[in-house]
Structures are given as structure tokens and as C-alpha cells.
Amino acid sequence: MKKILVVYGGKSLEHDISIVTALFVMEELKKNKIDFIPLYLSHNNEFFTGAKLLDKDNYGSKKEFKIAKFECQNGQYVLKVGFKTYDIECAILCVHGKGVEDGTVRALFDFMNIPVSTSSLLSSAIMQDKEISKLLFQNKNIPVVDSFVVHNLANISVKEGFSFPLIIKPCNLGSSIGVKKVNNMKEYENHIRKVLQYDQKVLVEKCVENLKELNVAIIGDSNNHIISDIELVNNRSEVLTFKDKYELFKAKTSGHVINPSLNKDLINKIKHYAELAFETLNGKGVIRFDFLYDNKRDLLYLNEVNSIPGSLAYYLFEKKGLTMLDIINKLRAIAYKDSLEQKSLINVYTLSSLKTITRKK
């Protein structure tokens, strides 16, 4: 019987968040007696598997983690653990962050012709890069916050037309790592230096006042998808940091509200821009769209896109009647459909032949 691979970890600053997402997915698979194999990527990008991976407390020592390798047998890649080999149904990616979520891991499974639950390499890379995604959204008349990019300390000046306070964030990281509101030039320069230790590009944005942060997710593909309920993430006119989101998060006091009281026009705009972005990106799998809203000036901006959101954004679909198992099964179906479409494409050009091709002199 073919196994589902749950793939997570990797060389990423969001490594530990990825473990939490994967453990949640695997708990659901185990509860429903669905065959799966945990496939953990260490910080050194080594593959490990085994029952010990199902306990969060074992990741410190990695004791009794089994080495896993891919091997091509009769034209088909299988997973080899010791002397055992496993056929693979699909890979459900639970990776987060630069170096894994940006299409890098997706490309590995594409190379092995293993069905994958996410958007393509190109789409994933665009979603990871905040500068490039902004340019794409602007081209589709999707509103985004004005910004500029700093590449190095030699060109750190504030662009004309921008004034403090400003928002600084790494271009290719997620989970609010490195995100900070700066109020003067000293804070600006100090934080730019810090962020350039994590990423090669720093995004500098105008600050949205009277802030509400609103999220919505979509699961499916461009032909058939479901849009989730809207979530009010932040209603404090403050920028949420990594610590706010993960270290200090308390479900009862966080201010997160599913289906908050919003006017109909705003709800329609959020869903319209999310679907337009999803279609533009040729999205596949489950994708979360994060919006910023100036509630006094009635201005909405698409802030960023998460190609593999934490916990697969399952909680946004609960009131739609979708369980976590439904989310997983939809991802399996998406992976299978995408794989069939890829396999149907012609990849041998019959008019091309080594005998007829000559080298130009």
C-alpha cells in the first residue's frame, strides 16, 4: 500500500513552527488510521523518519531517528529506510519559510515525479518573495502598501516620499520574524542591519494607521476552490511580532475572531482580492491571504501570501463544515490531479534527435 509522506522541518528560521504543523497533521492521520510516513528534514537538510518523530520532546536529541533516503527503482522513486522500501502516494508539505516553502522542497518532489500538495515551484517562489509578489499584485490592480527594498548597507537611505514611522521586514521570511515598526533614523538603520543578517533583501513599507489585520484562506486550485471565513487577527493598531504570534499567543485573549463584524462591502473586497490573487498565482493547495485595513480611511491592502500557512489554516474552514481530515483529503486529491496533468504533457520532442542535431561552429 502506498504511503502519504508528511514533509516538514528543513533549513529555515521557521523550522520549529513547521514541526508543530506536521505533528498536528500526523495526529489527524493517525486518529483516522490513514497510512503515512513522517519525513523530517533536519537543519542540515538530512531526511529522518520513524515513530520517535511523533513525540515533540524527541527533537532535541534526535535519538533513534531513522535515516531515510530516496531511491529510483524501475523508473519510480521510493523511500528507503534501512532495508525497507515504501511506495509513495503523495507528499503533503508542512514546511514553512525561506529555503523550503519557497518552492525548493516542491522542486525536489517534482524531480522525482512524486505528487505534491502545494503550488508550483514558480508560484511558491513568488509568494515567498514579498517584493516580487507586490509587483505582480500591482499589475492586477490589487492594492498593496507602498514600499521600497534595501539590498545592502551601502544604500540604506530612506526613499523620497517615505516618512517615519516605517515598517521593516525581511523580504523572504514569514511568521513575522524580523518585522518591526521603526520611528526614527537610528532605529531604522539599526534594524536594517539586523534584518540583513537573516535575508538578502529588506522590505521597507509605509505604516498603515488605524490598523485591523484580516486573513482569509483558499483551498483547491484555479478550477475548483473554497474560500474560508475571514479572521480578525489584530485590532490594536500595532504590528504583530513573532513573539506576539507564537510565544505570547493565548486563544482566549489574543483578539482573534472568526467572522468578525465587518461591512458587506469590505467582506466582498477581501474575498475578491484573495480570489484574484489566487488565480493570478495559479494557486494550488491551501493558501492564506493576509490583509491590512485602515478602518478610518476605508483602505484595504493585500499584505502578504502564505503558500503553506501554519496548521494549514484549518480553523478558518471549520464553520464551512470542513474538518482537518477534509483539508488533508483535499490536499491529497489536489496533489493527485496536478500529477496527472503534469504526466499528460509531452516531454519528448519527436523531431529532435542526436543524429540530426549539429553543433554550430
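Predicted model only: the values in this text are computed from it and were never measured.
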Visitor: Which heavy-atom pair separates Met324 from Ser311 by the least distance, and what is that distance?
Guide: CE-O, 4.1 Å
Visitor: So, Asp294 versus Asn210: side-chain donor-acceptor pair below 3.5 Å or not?
Guide: yes
Visitor: Considering residues at least two apart in sequence or located in another chain, which fulfil the side chain to side chain donor-acceptor pair (under 3.5 Å) criterion with Glu131?
Guide: Lys201
Visitor: With rounding to the nearest 0.5 Å, note down the distance linking CD1 in Ile177 to NE2 in His96.
Guide: 11.0 Å
Visitor: Take Asn223 and Lys337 through the side-chain contact (heavy atoms from CB on, under 4.5 Å) test and state the conclusion after the steps.
Guide: CA-CA 11 Å; Asn223 296 318; Lys337 180 185 174 185; 3.9 Å; yes
Visitor: When rounded to the nearest 0.5 angstrom, what distance separates NZ in Lys52 from CG in Asp57?
Guide: 11.0 Å
Visitor: What's the spacing between Ile267 CD1 and Ser261 OG if we round to 0.5 Å?
Guide: 8.0 Å
Visitor: Is the backbone N or O of Met1 less than 3.5 Å from a side-chain atom of Tyr86, with the two atoms forming a donor-acceptor pair by type?
Guide: no
Visitor: Which residues satisfy the side chain to side chain donor-acceptor pair (under 3.5 Å) test with Ser307, sequence neighbours excluded?
Guide: Glu101
Visitor: Taking ILVMFWY side chains as joined if any heavy atoms are under 4.5 angstrom apart, and letting links pass through other members, which residues group with Ile346?
Guide: none
Visitor: Can the ring centroids of Tyr273 and Phe291 be said to lie less than 6.0 angstrom from one another?
Guide: no
Visitor: Nearest heavy-atom pair of Ser157 and Phe148: which atoms, and what distance?
Guide: O-CE1, 3.9 Å
Visitor: Quick one: closest heavy-atom pair of Thr323 and Asp326, and the distance?
Guide: N-OD2, 2.9 Å
Visitor: Give me the atom names and distance for the closest heavy-atom approach of Asp199 to Leu173.
Guide: OD2-N, 4.1 Å
Visitor: Measure the NE2-CD1 distance between His256 and Ile258 for me, rounded to the nearest 0.5 Å.
Guide: 9.0 Å
Visitor: After noting the C-alpha distance and the side-chain angles of His225 and Glu279, does the key distance pass the side chain to side chain donor-acceptor pair (under 3.5 Å) rule?
Guide: CA-CA 10 Å; His225 56 263; Glu279 291 166 6; 4.5 Å; no
Visitor: Any chance NZ of Lys62 has more than 12 other-residue heavy atoms, nucleotides or ligands included, within less than 6.0 Å?
Guide: yes
Visitor: Of all the heavy-atom pairs spanning Lys181 and Cys207, show the shortest one and how long it is.
Guide: CE-SG, 3.8 Å
Visitor: When you compare the side chain of Leu108 with that of Met112, does any pair of heavy atoms fall below 4.5 Å?
Guide: yes
Visitor: Within a reach of under 6.0 Å around NZ of Lys320, are more than 12 heavy atoms found that belong to other residues, nucleotides or ligands?
Guide: yes
Visitor: Indicate, with yes or no, if the rings of Phe109 and Phe70 have centres closer together than 6.0 Å.
Guide: yes
Visitor: Flag yes if more than 12 heavy atoms outside Asn224 fall under 6.0 Å of its CG atom; otherwise flag no.
Guide: no
Visitor: Return a table of donor-acceptor pairs under 3.5 angstrom between the side chains of residues 113-128 and protein atoms on other chains or two or more places apart.
Guide:
| unit_1 | atom_1 | unit_2 | atom_2 | d |
| --- | --- | --- | --- | --- |
| Ser117 | OG | Leu93 | N | 3.1 |
| Ser119 | OG | Lys284 | N | 2.9 |
| Ser119 | OG | Lys284 | O | 3.1 |
| Ser120 | OG | Ser123 | N | 3.2 |
| Ser120 | OG | Ser123 | OG | 3.2 |
| Ser123 | OG | Leu281 | O | 2.5 |
| Ser124 | OG | Ser119 | O | 3.2 |
| Ser124 | OG | Ser120 | O | 2.8 |
| Gln128 | NE2 | Asn172 | O | 2.5 |

Visitor: State whether the number of non-hydrogen atoms from other residues, nucleotides or ligands found under 6.0 Å of Leu135 atom CG is greater than 12.
Guide: yes
Visitor: Considering only NZ, NE, NH1 and NH2 on the basic side and carboxylate oxygens on the acidic side, decide whether Lys2 and Asp87 come within less than 4.0 Å.
Guide: no
Visitor: In Å, rounded to the nearest 0.5 Å, how long is the span from OH of Tyr336 to CD of Glu341?
Guide: 11.5 Å
Visitor: How far apart are the closest heavy atoms of Tyr77 and Ile88, and which atoms are they?
Guide: O-CD1, 4.2 Å
Visitor: Can you tell me which residue pairs pass the salt bridge (charged side-chain N to carboxylate O under 4.0 Å, His left out) test with a partner in residues 106-115, sequence neighbours excluded?
Guide: Arg106-Asp110, Arg106-Asp338
Visitor: About how many Å separate NZ of Lys296 and NZ of Lys212, when rounded to the nearest 0.5 Å?
Guide: 11.5 Å
Visitor: Would you kindly say whether Asp298 and Tyr293 are connected by a side-chain donor-acceptor distance under 3.5 Å?
Guide: yes
Visitor: With the side chain counted from C-beta on, respond yes when Pro309 and Val286 share a heavy-atom pair under 4.5 Å apart, and no when they do not.
Guide: yes
Visitor: Do Glu89 and Arg332 meet the salt-bridge criterion of a basic N to acidic O distance under 4.0 Å?
Guide: yes
Visitor: Evaluate Leu312 against Leu331 for side-chain contact (heavy atoms from CB on, under 4.5 Å), listing each step before the verdict.
Guide: CA-CA 10 Å; Leu312 304 183; Leu331 292 178; 3.8 Å; yes
Visitor: Distance-only criterion, 3.5 Å: show the donor-acceptor pairs between side-chain atoms of residues 33-45 and protein atoms not counting sequence neighbours.
Guide:
| unit_1 | atom_1 | unit_2 | atom_2 | d |
| --- | --- | --- | --- | --- |
| Tyr40 | OH | His15 | NE2 | 2.8 |
| Ser42 | OG | Asn44 | N | 3.1 |
| Ser42 | OG | Asn45 | N | 3.4 |
| Ser42 | OG | Glu46 | N | 3.1 |
| Asn45 | OD1 | Lys11 | N | 3.3 |

Visitor: Are Ile192 and Leu196 packed together at the side-chain level, in the sense that at least one heavy-atom pair is separated by less than 4.5 angstrom?
Guide: yes
Visitor: Using side-chain contact (heavy atoms from CB on, under 4.5 Å), reason through Phe289 and Val216 one step at a time and then give a plain yes or no.
Guide: CA-CA 5 Å; Phe289 301 85; Val216 71; 4.2 Å; yes
Visitor: Parallel, tilted or perpendicular, judged at 30° and 60°: which one describes the rings of Phe24 and Tyr314?
Guide: tilted
